[in-house]
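Notes for the one structure printed next.
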2 protein chains.
Amino acid sequence: MEFKDNIPIYLQIEQYLYQQIVQGQLPAGTKIPSVRRLAVDLTVNVNTVQRALQQMNANGILITKRGEGNFVTEDEALLAKTKQHLLDVELQHFTEQMRQLGVKRDHLVEILTHYLEEYTDDR
Amino acid sequence: MEFKDNIPIYLQIEQYLYQQIVQGQLPAGTKIPSVRRLAVDLTVNVNTVQRALQQMNANGILITKRGEGNFVTEDEALLAKTKQHLLDVELQHFTEQMRQLGVKRDHLVEILTHYLEEYTDDR
DNA sequence: ATGAGTGTTATAGTTAACTAGTACACTCGG
DNA sequence: CCGAGTGTACTAGTTAACTATAACACTCAT
């Protein structure tokens, strides 16, 4: 995994895990890879992984069982709420950025549609 | 001006200036505030302002006249291209993030529309 | 020429992010 | 019980971002 510069790695790891979870690659109740495993896979230090997990743990999205590992919560309501929150954050960020670039709300959908048409390709 | 944590100040300043320019608050050819003025206004060090300007200068969007100040380029084509680029960056980032959250392209417009309706308020 | 206003550069110090390495504590299957 | 696998914690060191401060160089109006 390559990381963008200018944004802390531990936040990118956190985001990566959130994505894995809301997308279902890491379903509710599953054990996520160990911190050492993640550290190797992400070519990152154990401490950095740990830091990424702390926030998620505090949020209740991850349950830590000492000596066993970290598990995705089985609280489906929390998972749904989390996903919605992640979507809202992106939507809020996007609309705010576009506003600051001088795009009126009325034009937002139009611009997005146009963009999507223009880049019909992969991604 | 308040800065977000977790993202370098000089980048936020750069972004701020880009926005001022593409929105027309800083029209083509105008002199932007001096580095010392900006440093005070943004409650930031001169060096940090300097760093923010360097990239914009390299991009040709700002013209530096030693002893006089920094001026917005008069190259309208470059300005237009820059604005389009900023929009594209946001659009690309948004669609990519939504994709990673499991949102299909077909649903993107729908979700955005729904979001805009839900938050009819200010901002 | 001088002074005010400008960009430029350099030094030194602080802090947050990250790494490397080590050690400790817990759980579970054998 | 023991060893492998796990999370946790601590120390030490590096680097990038940022600050504070100062000095230098240029331009222009007076």
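Chain naming here is simple, since letters A, B, ... match the order of the sequence lines and numbering starts at 1 in each.
- For dG7(D), the OP1/OP2 oxygens have a side-chain nitrogen or oxygen of N70(A) closer than 4.0 Å.
- Taking every side-chain heavy atom of N45(B) into account, dT21(D) is the closest of dT21(D), dG7(C), dT27(C).
- A distance of 6.0 Å separates CD1 of I111(A) from CG of L87(B), quoted to the nearest 0.5 Å.
- Closest-nucleotide positions on DNA chain D for V46(A) and D5(A) were compared, and the one nearer the 5' end corresponds to V46(A).
- Between the T73(A) side chain and the D75(A) main chain, a donor and an acceptor come within less than 3.5 Å of each other.
- Taking only side-chain nitrogens and oxygens, Y10(A) comes nearer than 4.0 Å to OP1 or OP2 of dA17(C).
- Distance CZ (F3(A)) to P (dA17(C)): 15 Å, rounded to an integer number of Å.
- Atom pair L53(A):CG and dT6(D):P shows a separation of 13 Å (rounding to whole Å applied).
- No side-chain heavy atom of N70(B) sits less than 4.5 Å from a side-chain heavy atom of K31(B).
- For N6(A) and V35(A), each mapped to the nucleotide of DNA chain D holding its nearest heavy atom, the one lying further toward the 5' end belongs to V35(A).
- Side-chain contact check for Q92(B) and E96(B): no donor-acceptor pair (N or O, by modelled atom type) lies under 3.5 Å.
- Separating the CZ atom of R51(A) from the P atom of dA9(D) is a distance of 14 Å, rounded to the nearest angstrom.
- For dT6(D), the OP1/OP2 oxygens have a side-chain nitrogen or oxygen of K31(A) closer than 4.0 Å.
- Remark: N47(B) is not in phosphate contact with dT8(C), judged by side-chain N or O atoms under 4.0 Å from OP1 or OP2.
- OP1 and OP2 of dG7(C) both lie 4.0 Å or more from every side-chain N or O belonging to T64(B).
- Using a 4.0 Å heavy-atom criterion, one finds that N57(B) contacts no nucleic acid atom at all.
- Remark: P of dA17(C) and CD of Q12(A) are 13 Å apart, rounded to the nearest angstrom.
- Per the geometry, CD belonging to Q55(A) stands 16 Å off C1' belonging to dA17(C), to the nearest Å.
- Rounded to whole angstrom, the span from the CD1 atom of I7(B) across to the P atom of dA17(C) amounts to 14 Å.
- For a distance-only test at 3.5 Å, the side chain of R36(A) qualifies as a donor-acceptor partner of the base of dG7(D).
- Along DNA chain C, the nucleotide closest to L11(A) and the one closest to G67(A) are compared, and the more 5′ of them pairs with L11(A).
- Atom CD1 in I9(A) sits about 18 Å away from atom P in dA16(C), given to the nearest Å.
- In this structure, CG of L62(A) is placed 11 Å from P of dT8(D), rounded to the nearest angstrom.
- Using modelled atom types, no side-chain atom of E90(B) and backbone atom of Q97(A) make a donor-acceptor pair closer than 3.5 Å.
- Each of T48(A) and R66(A) lies near DNA chain C, and the nucleotide nearest T48(A) is the one positioned closer to the 5' end.
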